[in-house]
Protein chains: 2
Amino acid sequence: MPKIVDAEARRQEVVHAVFRIIASDGLERASLREVADEAGLAVGSVRHYFASSDELLAFSFGAVIDRIAGRLEAALGAVEAEPPGSQEQHVAVLNLLGQFLPLDEELAVDACVWMAFRHAARIKPVLAAEAERSHRTVAAVVGRLIMALNPGESAQEGLVTEAERLLATLDGLCMHSLLQPEWMTAEMCSDVLAAHLRSLEASPVSR
Amino acid sequence: MPKIVDAEARRQEVVHAVFRIIASDGLERASLREVADEAGLAVGSVRHYFASSDELLAFSFGAVIDRIAGRLEAALGAVEAEPPGSQEQHVAVLNLLGQFLPLDEELAVDACVWMAFRHAARIKPVLAAEAERSHRTVAAVVGRLIMALNPGESAQEGLVTEAERLLATLDGLCMHSLLQPEWMTAEMCSDVLAAHLRSLEASPVSR
DNA sequence: TTGTTTTTAGCACGAACGTGCTTCCACAGC
DNA sequence: GCTGTGGAAGCACGTTCGTGCTAAAAACAA
């Protein structure tokens, strides 16, 4: 048997190098040479684990989706475990929504990478499948959140609209936090989220 | 005097070539050679009007900002000309908000280009100044819209929060329309905007 | 020790990029 | 006519990119 290396761990190290490069220098700088440098490897070594640049990027996209989805699922479980309308549920909801925003270093890197890949997927067909999965996964989480906030509501159409509205607001907040951090501060994000939740409570779906 | 050409018109032609390339192939494909091809010119000719690639991109960013700002200002004027709370004002507001979304070919191109440049500005310092101007301009329009919808309201803080919330929702809708057009249809955009306006009316800023 | 196989490293090629620089061309002014 | 200037085109250089390919190094079974 040859030299044994935890291949999966190596792949994750390379993927994290991709994350760091995208967060600091953008997706277009995430070339094989740059990634290899950042990971402390040679280009040939990176290509041993990823057949091509496209495969590396697609895998990295999937990895960041899994990270985000994992956080969201955990936070959503906490929301659904609390009684509807309670103060505890409100806190859990704010925590869930906060997972979308670049509130700390790790969240910021993931948000950068996530946004970069989603926008790149508009052009690069290799990323389209993961972009689809990303949207489906996150939309499902937000949909379940809206259902948890409107218990007993059966008007499907209105719930879907409210879910899309919340999702759009979250993506917009995330975008502004990344692109205009001096305007969209953490306090402003918090205020906007609070206002949105207030509007959800004030005017329930059923009209 | 040498051969006389309307220099400003030529620059606009080149800029429109940039727009088409960004909308169809992304910003990273907007190289001097691609732009020159799309405009039916040689690289040297493009460089006669724009000293460098950076200058071409920065100028194109400014051009798309001016286009969008022009549409928004016109639509905002129509809103402010109608009596608050009237049906006519409601229609004017919907028209203004629709200017943010890729509802036709021209709006779609501008939205693509706008998003691409804003995201690129996070990394490319040459675009930072225009990104600032873009944000200030659009935020001012949305702010005036919120003021028009809350006449006589003096609570500055709440108004700013509502403006940022509307802006985030609009950017999120625009993003989703560009990235997931099969999910975020024009009808869904319309529904979400209608729901947002309803929430604005139902729970005014003053608590 | 030897042999096998994974891992790591590196070379070389073609393509695309920005850019400095030079070269033609057309036409207004003399 | 001639001349000079602005417009258009293109060459050439260095850099970066992905990728096919080769080869050394390393680690374990025999």
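First the proteins, then the strands, lettered A, B, ... as listed; each starts at 1.
Rounded to whole angstrom, the span from the CD atom of A:Glu28 across to the P atom of C:dC17 amounts to 14 Å. If you measure from atom CZ of A:Arg11 to atom P of C:dT8, you get 13 Å, rounded to the nearest angstrom. At whole-Å resolution of the value, CG in B:Asp54 and C1' in C:dC17 are 13 Å apart. For the pair A:Glu8 CD and C:dT6 C1', the interatomic distance rounds to 16 Å; values are reported in whole Å. Rounded to whole Å, atom P of D:dA8 lies 16 Å from atom CG of B:Leu32. Distance A:Phe50 CZ to D:dG18 C1': 16 Å, rounded to the nearest Å.
With distances taken from any side-chain atom of A:Glu34 to the nucleotides D:dG6, D:dC17, D:dT19, the minimum falls on D:dC17.
The side chain of A:Arg29 places no N or O atom within less than 4.0 Å of a non-bridging phosphate oxygen (OP1 or OP2) of D:dT16. Between B:His48 and D:dA8, a side-chain N or O to OP1/OP2 separation shorter than 4.0 Å is absent. The side chain of B:Ser53 contributes an N or O atom lying less than 4.0 Å from OP1 or OP2 of C:dG18. Close to D:dG6, at under 4.0 Å from its OP1 or OP2, lies no side-chain N or O of B:Tyr49.
B:Arg122 places a side-chain N or O within donor-acceptor distance of the main-chain N or O of A:Ala23, the cut-off being under 3.5 Å. Looking at A:Ser45, its side chain never comes within 3.5 Å of a backbone N or O of A:Leu41 through a donor-acceptor pair.
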Just the table, please: protein N/O against nucleotides 9-13 of chain D N/O, every pair under 3.5 Å.
{"unit_1": "D:dA9", "atom_1": "OP2", "unit_2": "B:Ala42", "atom_2": "N", "d": "3.3"}
{"unit_1": "D:dA9", "atom_1": "OP2", "unit_2": "B:Ser45", "atom_2": "OG", "d": "3.1"}

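Note: A:His196 and B:His196 have tilted aromatic rings, judged against thresholds of 30 and 60 degrees for the angle between ring planes. The aromatic rings of A:His176 and B:His135 stand perpendicular to each other, their planes meeting at an angle above 60°, with 30° marking the opposite boundary.
Within a 6.0 Å sphere centred on CD of B:Glu182, other residues, nucleotides and ligands contribute more than 12 heavy atoms.
To the nearest 0.5 Å, atoms CE (B:Met188) and OG (B:Ser190) are separated by 10.5 Å.
With respect to the salt-bridge test (charged N to carboxylate O, under 4.0 angstrom), the residues A:Arg144 and A:Glu73 qualify.
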